S.K.: 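Would you mind keeping the following structure in view while I ask a few things?
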Amino acid sequence: MSLKREQLSHPIVTNKADLEIELLELLEDEGLKQFINNCPSILEFWKHISILKYPNIKNCAVKLISIFGTTYSCESLYSTMKIIKSKYRSNLTDDHLTELLRTALTSIQPDLKKLTKKVDTKKVPRKQN
């Protein structure tokens with residue numbers, strides 16, 4: 001718990017003077033002024049910014065932009081976990097819940113036709129009535 005508090009207590013910017021100078025240089029950069037007019041997204045803009053020329057401002061932007069992606073991932077995880085671990089499935093083990101969450105949240109799409117072709121239906125035991 002103390003590690004998390006320590007991480008949260010670090011400021012995003014440590015040298016305000018250098019950041020202010022970089023910000024002024026960034027605002028006056030004619031090449032970037034032209035680029036931003038044709039830039040499709042804010043992410044593309046920050047990908048284009050040189051970390052060698054603007055290290056403080058680039059690091060600050062990356063940290064701030066990444067907050068939203070991690071927040072979305074956490075919210076999505078908790079919503080999915082709430083659906084999976086309902087009152088009817090409250091006895092799931094942690095390992096089983098982890099596997100179900102991994103399956104539910106993955107972006108990988110299995111090729112079911114290919115997977116089912118590999119199964120030899122003659123070897124699958126059938127129920128006897």
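Below, each value reflects all heavy atoms present in this structure, side chains not excepted, and no hydrogens, waters or symmetry copies. Just so you know, these numbers come straight off a predicted model, no measurement behind them.
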S.K.: Output all residues satisfying salt bridge (Lys or Arg N to Asp or Glu O under 4.0 Å) with Glu28, sequence neighbours left out; order by chain, then residue number.
M.R.: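 By the salt bridge (Lys or Arg N to Asp or Glu O under 4.0 Å) rule, Glu28 matches no residue at all.
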S.K.: Which Ile, Leu, Val, Met, Phe, Trp or Tyr residues join Val62 in one cluster when any pair of side-chain heavy atoms under 4.5 Å counts as a link?
M.R.: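 Noted: Val62 shares its cluster with no other residue.
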S.K.: Is there any side chain to side chain donor-acceptor pair (under 3.5 Å) pair reaching into residues 101-111, and which pairs are they, with sequence neighbours excluded?
M.R.: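 Sorted result for residues 101-111: Glu99-Arg102.
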S.K.: State which residues pass side-chain contact (heavy atoms from CB on, under 4.5 Å) with Leu101; sequence neighbours excluded, sorted by chain then number.
M.R.: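 Leu77, Thr80, Met81, Ile84, Leu97.
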S.K.: Which residues satisfy the ring-ring contact (aromatic ring centres under 6.0 Å, His included) test with His96, sequence neighbours excluded?
M.R.: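 Per chain and number, His96 pairs via ring-ring contact (aromatic ring centres under 6.0 Å, His included) with no residue.
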S.K.: Tell me every residue that passes side chain to side chain donor-acceptor pair (under 3.5 Å) with Glu30, counting only those two or more places apart in sequence or in another chain.
M.R.: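 With sequence neighbours excluded, Glu30 shows a side chain to side chain donor-acceptor pair (under 3.5 Å) to Lys33, given in chain and number order.
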S.K.: In the hydrophobic clustering that connects Ile, Leu, Val, Met, Phe, Trp and Tyr at side-chain heavy-atom distances below 4.5 Å, which members other than Ile83 occupy its cluster, ordered by chain and number?
M.R.: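 Cluster partners of Ile83: none, it stands alone.
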S.K.: Looking at residues at least two apart in the chain, or sitting in another chain, which of them share a ring-ring contact (aromatic ring centres under 6.0 Å, His included) with Phe45?
M.R.: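 Expected list: none.
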S.K.: Not counting sequence neighbours, which residues clear side chain to side chain donor-acceptor pair (under 3.5 Å) with Glu20? List them please.
M.R.: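 Once residues adjacent in sequence are excluded, Glu20 has no partner under the side chain to side chain donor-acceptor pair (under 3.5 Å) criterion.
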S.K.: May I ask you to list the residues sharing a hydrophobic cluster with Ile21, side-chain cutoff 4.5 Å, ordered by chain and number?
M.R.: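 None; Ile21 is a cluster of one.
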S.K.: Only counting residues at least two apart or in another chain, list the ones meeting salt bridge (Lys or Arg N to Asp or Glu O under 4.0 Å) with Lys85.
M.R.: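 With sequence neighbours excluded, Lys85 shows a salt bridge (Lys or Arg N to Asp or Glu O under 4.0 Å) to no residue whatsoever.
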S.K.: Counting neighbours of CG on Asn15 that are heavy atoms of other residues, nucleotides or ligands and sit closer than 6.0 Å, is the number greater than 12?
M.R.: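 Yes, CG of Asn15 has more than 12 neighbouring heavy atoms, counting only those of other groups under 6.0 Å.
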S.K.: Determine all donor-acceptor pairs shorter than 3.5 Å in which one atom belongs to a side chain in residues 51-58; sequence neighbours excluded.
M.R.:
residue	atom	partner	partner atom	Å
Lys53	NZ	Asp29	OD2	3.3
Tyr54	OH	Asp29	OD2	3.0
Asn56	ND2	Glu22	OE2	2.8
Lys58	NZ	Trp46	O	2.7
Lys58	NZ	Ile49	O	2.8

S.K.: Would you give the length of the straight line joining atom OG of Ser79 to atom NZ of Lys82, rounded to the nearest 0.5 angstrom?
M.R.: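 Going from OG on Ser79 over to NZ on Lys82, the span is 7.5 Å.
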S.K.: Look at the side-chain heavy atoms of Ile, Leu, Val, Met, Phe, Trp and Tyr, link any pair under 4.5 Å apart, and say whether Leu32 and Leu24 land in one connected group.
M.R.: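 Result: no, two separate clusters.
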